[in-house]
There are 2 protein chains.
Amino acid sequence: MKRRNTPTKEAVLNLLSASKKALSQDAIEKQLDIKINRATIYRVLNRFCEDEIIHKIVAEDGKQYFAICKKCEQPETIQDHFHFRCLSCDSIECLQIPVRYSVPENYVVQQTNCILTGICSDCN
Amino acid sequence: MKRRNTPTKEAVLNLLSASKKALSQDAIEKQLDIKINRATIYRVLNRFCEDEIIHKIVAEDGKQYFAICKKCEQPETIQDHFHFRCLSCDSIECLQIPVRYSVPENYVVQQTNCILTGICSDCN
DNA sequence: TAATTTATTGCAACATAATCGCAATAGAGT
DNA sequence: ACTCTATTGCGATTATGTTGCAATAAATTA
């Protein structure tokens, strides 16, 4: 399925590019100048994920957050990294810290979803 | 608030004790012999979490899973550990693998929620 | 054993996140 | 300008989890 360029896609991608934090759908909707439907935002985000332009993080609040980060821009560097969720400013960011682990025999890991929760330096 | 012993609490705790996997509310409800209300199960589980008898994991599906594991039984050993979610048998288990990380200066970590997703040994 | 206190439960309603079907719209190529 | 179909908006739907309230039942006391 060939992708098409639309104002919606562009707006969402620009927002994520400019943001240092991972954003949820509702955060994106609020921060956008133009009015975009909720379902559309989800669809755009999921397409970006499929195309590996952004990646998805699920936080302990059960919500999905999306971010562009080094992983995508520099695939040769940090693949699986930790995310940090600040309870004070309620934001999620990508940490440039790789997730290191070993698994029992015959276990195959395909992806990771690792979140550290606490207080970030801005709030300390 | 003093806790009381009830058949519901006992049934849920027995189920979690017997299970090697982390269970979601609906899984618990299905596996129980007795019929227990959904809201009640959540309240029982949340109380167990408060009392640190069990712990909660939020998976990439956004759902809450609950498990008794070494962390609780042997507080002196593995505190923060990885969890493994098998895409084949759709189960979540605690791995006896500690989460090791460092964070940038002035970041304070209060808790972790780390999940590795893939295929477990049983399904390989 | 009966009475009292209040933690616990069931039910219904509510809140929120995310998805889906469908018709309308609008990119992109001809 | 025309065609094809990816994309969008809208409404409805599903699912997860929580909350208010009255009824129930543990645990303590008399």
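Naming convention: chains lettered A, B, ... in sequence-line order (proteins, then strands); numbering from 1 in each chain.
Looking at B:R43, its side chain comes within 3.5 Å of the base of C:dG10 through a donor and an acceptor atom.
In this structure, CD of B:Q64 is placed 17 Å from P of D:dA15, rounded to the nearest angstrom. Atom pair A:E10:CD and D:dT8:P shows a separation of 12 Å (rounding to whole Å applied). What separates CD of B:E60 from P of D:dT16 is a distance of 15 Å, to the nearest Å. Taking atom NZ of A:K35 as the reference point, atom C1' of D:dT8 lies 13 Å away to the nearest angstrom. Nucleotide D:dG17 holds its P atom 17 Å from the CD1 atom of B:I36, rounded to whole Å. Atom CG in B:L45 sits roughly 12 Å away from atom C1' in D:dG17 (whole-Å rounding). Atom CD1 of B:I28 and atom C1' of D:dG17 are 14 Å apart (whole Å). Computed from coordinates, the B:L23 CG to D:dG17 P distance equals 13 Å when rounded to whole Å.
For the atom pair A:L116 CG and B:S102 OG, the distance stands at 9.5 Å (nearest 0.5 Å).
Comparing D:dT18, D:dT7, C:dA18 by their nearest atom to the side chain of A:R4 picks out D:dT7. Side-chain proximity of A:R47 to the nucleotides D:dT7, D:dT19, D:dA26 is greatest for D:dT7. Taking every side-chain heavy atom of B:P7 into account, D:dA26 is the closest of D:dA26, C:dA17, D:dC10. With distances taken from any side-chain atom of B:N5 to the nucleotides C:dT19, D:dA27, D:dT16, the minimum falls on D:dA27.
Contact between the side-chain N/O atoms of B:N37 and the OP1/OP2 oxygens of C:dT8 is not found at any separation under 4.0 Å. In this model, the phosphate group of D:dT18 is not approached by any side-chain N or O of B:Y42 to a distance below 4.0 Å at OP1 or OP2. Between A:T8 and D:dT8, a side-chain N or O to OP1/OP2 separation shorter than 4.0 Å is present. Contact annotation: A:K2 does not reach the phosphate of D:dA6 (side-chain N/O to OP1 or OP2, under 4.0 Å). A sub-4.0 Å separation between OP1 or OP2 of C:dT19 and a side-chain N or O of A:R38 is absent. For A:T6 and D:dT8, the shortest distance from a side-chain N or O to OP1 or OP2 is below 4.0 Å. Contact check, B:N46 against D:dT18: a side-chain N or O comes under 4.0 Å of OP1 or OP2.
Between B:E105 and A:S121, the side chains place no donor N or O within less than 3.5 Å of an acceptor N or O (distance only, hydrogens not considered).
No engagement by A:D61 is indicated, since no non-hydrogen atom pair under 4.0 Å with the nucleic acid exists. A:T40 comes within 4.0 angstrom of a nucleotide base, judged by non-hydrogen atoms across all strands. If you check every strand for non-hydrogen atoms under 4.0 Å, B:Q25 touches nothing.
Taking the ring centroids of A:F48 and A:F66, they lie at or beyond the 6.0 Å cut-off.
A:I53 places none of its side-chain heavy atoms less than 4.5 Å from the side chain of A:R47.
Nearest-nucleotide positions on DNA chain D place A:A39 closer to the 5' end than the other of A:A39 and B:K63.
By the 30° and 60° cut-offs, the orientation of the rings of B:H55 relative to B:H83 is tilted.
Looking at A:E29 and A:K35, a side-chain N of the basic residue comes within less than 4.0 Å of a carboxylate O on the acidic one, giving a salt bridge.
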